[in-house]
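Before any comments, here is the structure.
We use all heavy atoms of the structure for the numbers below, so side chains are in, but hydrogens, waters and symmetry mates are not. Here is how names work: the chains are called A, B, and so on, in the same order as the sequence lines, proteins then strands, and each is numbered from 1. Since we're looking at a predicted model, the values are computed, not measured.
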Protein chains: 2
Amino acid sequence: MSKQELAVLGQDDADGCCPGLLTAPLDEAQSIELAKVFKALGDPIRLRLLSMIASRAGGEVCVCDLTPAFDLSQPTISHHLKLLRQAGLIDCERRGTWVYYWLLPEMTDRLAGILTRPAGQLLPEPAGTAGDA
Amino acid sequence: MSKQELAVLGQDDADGCCPGLLTAPLDEAQSIELAKVFKALGDPIRLRLLSMIASRAGGEVCVCDLTPAFDLSQPTISHHLKLLRQAGLIDCERRGTWVYYWLLPEMTDRLAGILTRPAGQLLPEPAGTAGDA
DNA sequence: GGGTTGTATCGATGTTCTTCAATGCAACAT
DNA sequence: ATGTTGCATTGAAGAACATCGATACAACCC
């Protein structure tokens, strides 16, 4: 119950590090892999689970602390945790009776990099758009 | 700001700027708003559309350049563009016969910030996890 | 005006997702 | 061994989504 199939986005570094979403058109295979991760983040319950796990001081959270924080059944929480794990965002380990989850910061770092545009690449913003006013 | 209904995530700055996903548990309302944006990114077609728009030199793309790049019907592409626009990721304007889309970097910047953990906050990584090996 | 082209909207359809109750499995307690 | 507790898996029901063809609307051309 540990290392998942998170081969996701592994080839980015081979290209020279972080081709990014904003600098060049994504090819089809990359977009499929990346969409899986964003889809995992595209649910309010999973976002709250992830933030509860990531912001935990000790770096890990017992499922027994997560489940009662929601108005959902235990199998539903377990299902959402599984999706986050399959996306490579978290991992878990059983220790005795309890199972502990923790963040895999590699993935969130990679997403942050993908969403960050290179300095100096400011868009011309054709029409009356979002400057800052 | 612009002309959309992107009240999304607007209250973050009021709290002091970017509480982040990784530093404190997200409250329910924030998670719902944020999930809408990530859900918009959770589809390969929309990711490719966004990257084609964002990486365009002039800063904007004509729909007539986007549609033929996919093996999908024109209404389907139009639908995906609408979802990206409703998420606050892009905006558009009609100029004569054609419609042009461009990136709203405020939203991608905000997502990048949300996924970036404060420097120095390194997790203990309790067990033998997915380092690389 | 009438015809043509570019894009958005509408309805319908098949697929995927969220959720639950029921059940299974692992570890502990007695 | 037997019962109990914590968590995962299974199977099913309803909601949400992606996609299409048909159609509507906007702007241009003649």
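B/L66 places its CG atom 14 Å from the P atom of C/dG6, with the value rounded to the nearest Å. At whole-Å resolution of the value, CG in B/D43 and C1' in D/dA16 are 14 Å apart. Protein atom CG of B/D65 is 15 Å distant from nucleotide atom C1' of C/dT5, rounded to whole Å. Atom CZ in A/R95 sits roughly 17 Å away from atom P in D/dG6 (whole-Å rounding). Taking atom CG of residue B/L72 and atom C1' of nucleotide D/dC20, one finds them 10 Å apart after rounding to whole Å. Put simply, OH on B/Y100 is 12 Å from P on C/dG6, counting in whole angstrom units. Spacing between atom NE2 of B/H80 and atom C1' of D/dT19 amounts to 8 Å, rounded to whole angstrom units. Following rounding to the nearest Å, B/L41 (CG) and D/dA18 (P) show an atom-to-atom distance of 12 Å.
In this structure, the side chain of B/R46 engages the main chain of B/K39 through a donor-acceptor pair within 3.5 Å. A donor-acceptor pair under 3.5 Å is absent between the side-chain atoms of B/T67 and the main chain of B/C64, judged by distance alone. For the pair B/R94 (side chain) and B/G96 (backbone), a donor-acceptor distance under 3.5 Å is present. Between the side chain of A/S31 and the backbone N or O of B/R48 there is no donor-acceptor pair closer than 3.5 Å.
A cation-pi arrangement is present between A/R95 and A/Y100, with the terminal nitrogen or guanidinium carbon under 6.0 Å from the aromatic centre and inside a 45° cone about the axis.
Residue B/T97 places no side-chain N or O under 4.0 Å from the OP1 or OP2 atom of C/dG6. Dashed line: the shortest gap from a side-chain N or O of A/K39 to OP1 or OP2 of D/dC17 is not under 4.0 Å.
With contacts defined as side-chain heavy-atom distances shorter than 4.5 Å, the pair A/I53/A/L81 qualifies. Between B/R56 and B/D65 there is a side-chain heavy-atom pair separated by less than 4.5 Å.
Using a 4.0 Å heavy-atom criterion, one finds that A/L83 contacts the sugar-phosphate atoms exclusively.
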Atom pairs, N/O to N/O, protein against nucleotides 8-10 of chain C, distance under 3.5 Å?
unit_1 : atom_1 : unit_2 : atom_2 : d
C/dA8  : OP1    : B/Y101 : OH     : 2.8
C/dA8  : OP2    : B/S78  : OG     : 2.8
C/dA8  : O5'    : B/S78  : OG     : 3.4
C/dA8  : N7     : B/Q74  : NE2    : 2.8
C/dA8  : N6     : B/Q74  : OE1    : 3.2

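Comparing C/dT18, D/dC7, C/dG6 by their nearest atom to the side chain of B/W98 picks out C/dG6.
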